[in-house]
K.L.:
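I am attaching a structure below and will ask some questions about it afterwards.
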Amino acid sequence: MKIYSALLLSLVGASACAFDLLPPPTAWHGASEQLIAPAGSRWITPAEQSDFTTSPDYAATLRYLRALAAASDKISVHSFGVSYQGRELVYARASKPGAANKPVVLVQAGIHAAEIDGKDAGLMLLRDIAFRGRDDLLDQVDLVFIPILNVDAHENASELGRPMQRGPLRKGSRSNAQGLDLNRDYARLQSPEIAAVVKLLQRFDPALYIDIHVSDGTDFQYDITYTFAGWGTYARSPATAHWLMTAYHDDVSAALSKQGHLPVIYPSWVDPDAPAQGLRISAEGPRYSTGYGDFIGVPTVLVENHVMKPYKRRVLGTYVLLEQSLKTVGREHARIAAAKAQDRAARPERLMVRWEREQVPLRMTTFKGYRYDSYESPVSGAHELRWTGEAQDQQLPVYGVRATREVTLPPAWWISAEHQDLIAALRAHGIRMEAIQAPRTLSLEATRMASGKERSGALAVKTITLPPGSVRIPAAQPYHLLAAALLEAESDDGFLASSRFDQALASEWRLPKHLLAPLAEQMMANDPKLRAEFQDAIAKDATLAASRQARLQWWEARSDYAERALWTYPVYREPR
């Protein structure tokens, strides 16, 4: 291990830009370099002081923020939770004294702690708002800035962290102290960090939510890339998505270009090992920050700075993006509020739960990449990509998706009072519900399946008596899509998919075949109508006719025994 660590350290070298395995960085100078504070300035940030070779640790970051707050009436620092290992989660709020009820731009850095560009860009921006004449950015909007979300991972920093990324020298880890990827936890809320962020989203209901990352892998010319749920094309909140893809995208792209950066919508590859195959757009679920914002009607931006660009260039580009975001929201806040209201008032009848990539591209796009070649690796025994650093514009296809499964949504869902864990989870997401005070007997759709490990089942209308404390979750509410994604049995981000019920079984085992066959024969002999339905079913369904198991299960499902041999998913649906 010591030899291996020494080898990696020799590759990383003494500065953030000396990783020898990466393609050489292209020379860059942009107008945004004027944002850097002069050496020796009173409020120079730690990253600027190191010429962007290092980034401050958690303690130094908080010291800097609290010093700003002590010296400026425009900056305040607040606690909003505690990490898994007990560290304080903080945000800084930038606002003008006396102003109230302004729209909020909520910015978070370090959800993946190695990807920390946003922290150092945000510190520079707060400094300039406080002391360098940029408080005009707060005329129409407030800024809420989380410098480090994944604080435990941030302090698990090493020179060996994320070796594919150019700077800073020491980088934190991706997962939190529980081993969770926080940008997969928005639906489940298993981590204290994301549970705290979701409460902030409910508290501020921001006009814009920005989550800052650094990309993976593939080399290309762009330095600052960003995206929205489904590139806006497959968004669940179409009005806010349209605003992001038009007014916001146009403003940010123009601002970055003017300051010497090269922006683009973040490229998601069909196959990163074969870039010529093109780009893909995918629908997103609420496990991700962008998907979650889309499902609750909050305009959300995922920033993905290019991993191979030097840290200084990435931080400065992030500053420009944040600065322009404040300007744009200040100008556009009325349109944003109208778009949010429109999306939250919508009542879609169906939810897409399965999709696949289209085979025919939506369009072709000009992509500013780098030429690459391949060589046969003696280690992998296969052809590996090698980036040359030679600029090359390519025409690439862009593929969309199509739905392969949609579910029709009910007017409401019901959960029995015994399942307080589900009810509490819904409340944590801000989903509205109505509790009953007396027992109520209802005809509801129940999803029946073999066990809690299944991901779909058969719907049947059952007469169910629910005890006091049971809740009705109406579809007619602002977070209607999030409720559907959590409650529907077939949703990839739902309670059933979250493994909550993996140990749940029916009250009886399935009948063995040697007993099921004679039971079915007896039923066939005694019920001519059922016998005719079976003969019609096997005549129309070749798969059913050819499968011994399917034929027997057809009869079992219609037997008196079936009720005890199936497990019921404890979320019921009101029939339409």
K.L.:
Might you point out which heavy atoms bring Gln221 and Ala391 nearest each other, and give the distance in Å?
P.N.:
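Where Gln221 meets Ala391 most closely, the heavy atoms are NE2-CB, 3.6 Å.
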
K.L.:
Say whether Thr328 and Gln324, considering side chains only, have a donor N or O and an acceptor N or O under 3.5 Å apart.
P.N.:
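On atom types as modelled, these side chains qualify, holding a pair under 3.5 Å.
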
K.L.:
Roughly how far, to the nearest 0.5 Å, is CZ of Arg313 from NE2 of His29?
P.N.:
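Separation between the atoms: 11.0 Å.
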
K.L.:
What orientation do Tyr91 and Phe204 show, parallel under 30°, tilted 30 to 60°, or perpendicular over 60°?
P.N.:
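Geometry flag for Phe204 against Tyr91: perpendicular rings.
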
K.L.:
Assess whether a salt bridge exists between Lys312 and Asp120, defined as any Lys/Arg side-chain N lying under 4.0 Å from an Asp/Glu carboxylate O.
P.N.:
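A salt bridge is absent here (no side-chain N lies under 4.0 Å from a carboxylate O).
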
K.L.:
Kindly compute the distance separating CE (Met308) from CE (Met164), expressed to the nearest 0.5 Å.
P.N.:
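That separation rounds to 9.0 Å.
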
K.L.:
Check this for me: does any side-chain nitrogen of one of Asp136 and Arg134 sit under 4.0 Å from a carboxylate oxygen of the other?
P.N.:
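Arg134 and Asp136: salt-bridged.
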
K.L.:
Is it the case that the side chains of Thr240 and Asp343 hold a donor-acceptor pair, with the cut-off being a distance below 3.5 Å and no angle test?
P.N.:
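Checked: Asp343/Thr240 side chains pair up, N/O donor to acceptor below 3.5 Å.
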
K.L.:
For the side chain to side chain contact (heavy atoms under 4.5 Å, CB included) test, which of Pro56, Ser55, Pro46 pairs with Thr61?
P.N.:
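Testing each of Pro56, Ser55, Pro46 against Thr61, the sole residue satisfying side chain to side chain contact (heavy atoms under 4.5 Å, CB included) is Pro56.
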
K.L.:
Among Leu143, Ile146, Leu208, find the residue that satisfies the side chain to side chain contact (heavy atoms under 4.5 Å, CB included) test when tested with Val107.
P.N.:
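For Val107, the side chain to side chain contact (heavy atoms under 4.5 Å, CB included) test succeeds with only one of Leu143, Ile146, Leu208, which is Leu143.
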
K.L.:
Within the distance-only criterion (no hydrogens, no angle test), does the side chain of His154 pair as donor or acceptor with the backbone N or O of Asp152 below 3.5 angstrom?
P.N.:
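No: the side chain of His154 does not pair with the backbone of Asp152.
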
K.L.:
What I want to find out is whether Arg354 reaches Asp492 closely enough, with some N-O distance under 4.0 Å, to be called a salt bridge.
P.N.:
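Looking at Arg354 and Asp492, the cut-off is met.
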
K.L.:
Could you point out which residue of Asp181, Asn176, Asp211 forms a side-chain hydrogen bond (donor to acceptor under 3.5 Å, both in side chains) with His112?
P.N.:
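In the set Asp181, Asn176, Asp211, the residue that makes a side-chain hydrogen bond (donor to acceptor under 3.5 Å, both in side chains) with His112 is Asp181.
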
K.L.:
Might you point out which heavy atoms bring Tyr266 and Trp231 nearest each other, and give the distance in Å?
P.N.:
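Distance-wise, the nearest heavy atoms are O-CZ2, 3.4 Å.
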
K.L.:
Side chains of Gln395 and Thr366: any donor to acceptor distance under 3.5 Å?
P.N.:
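The criterion, which ignores hydrogens and geometry beyond distance, is satisfied for Gln395 and Thr366.
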
K.L.:
For the aromatic rings, using the six-membered ring if either is Trp, is the centroid distance between His429 and Tyr292 under 6.0 Å?
P.N.:
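So the answer is yes for these two rings.
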
K.L.:
Would Asp223 and Lys309 pass as an ion pair if we require N to O under 4.0 Å?
P.N.:
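So Asp223 does not pair with Lys309 through a salt bridge.
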
K.L.:
Leu22 and Pro163: which non-hydrogen atoms are nearest, and at how many Å?
P.N.:
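Between these two residues, the closest heavy atoms are CD1-O, 4.4 Å.
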
K.L.:
What I want to find out is whether Glu155 reaches Arg87 closely enough, with some N-O distance under 4.0 Å, to be called a salt bridge.
P.N.:
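Result for this pair is no, no salt bridge flagged.
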
K.L.:
Restricting to non-hydrogen atoms, name the atom on Trp355 and the atom on Ala283 that form the minimum distance, rounded to 0.1 Å.
P.N.:
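Smallest interatomic distance, heavy atoms only, reads CZ2-O, 3.3 Å.
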
K.L.:
Does a side chain donor of either Tyr311 or Gln165 reach within less than 3.5 Å of an acceptor in the other side chain?
P.N.:
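There is no such pair between these side chains.
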
K.L.:
Which pairs with one or both residues in residues 276-297 pass salt bridge (Lys or Arg N to Asp or Glu O under 4.0 Å), sequence neighbours excluded?
P.N.:
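Checked against salt bridge (Lys or Arg N to Asp or Glu O under 4.0 Å) - neighbours excluded - the pairs reaching residues 276-297 are Arg287-Asp493.
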
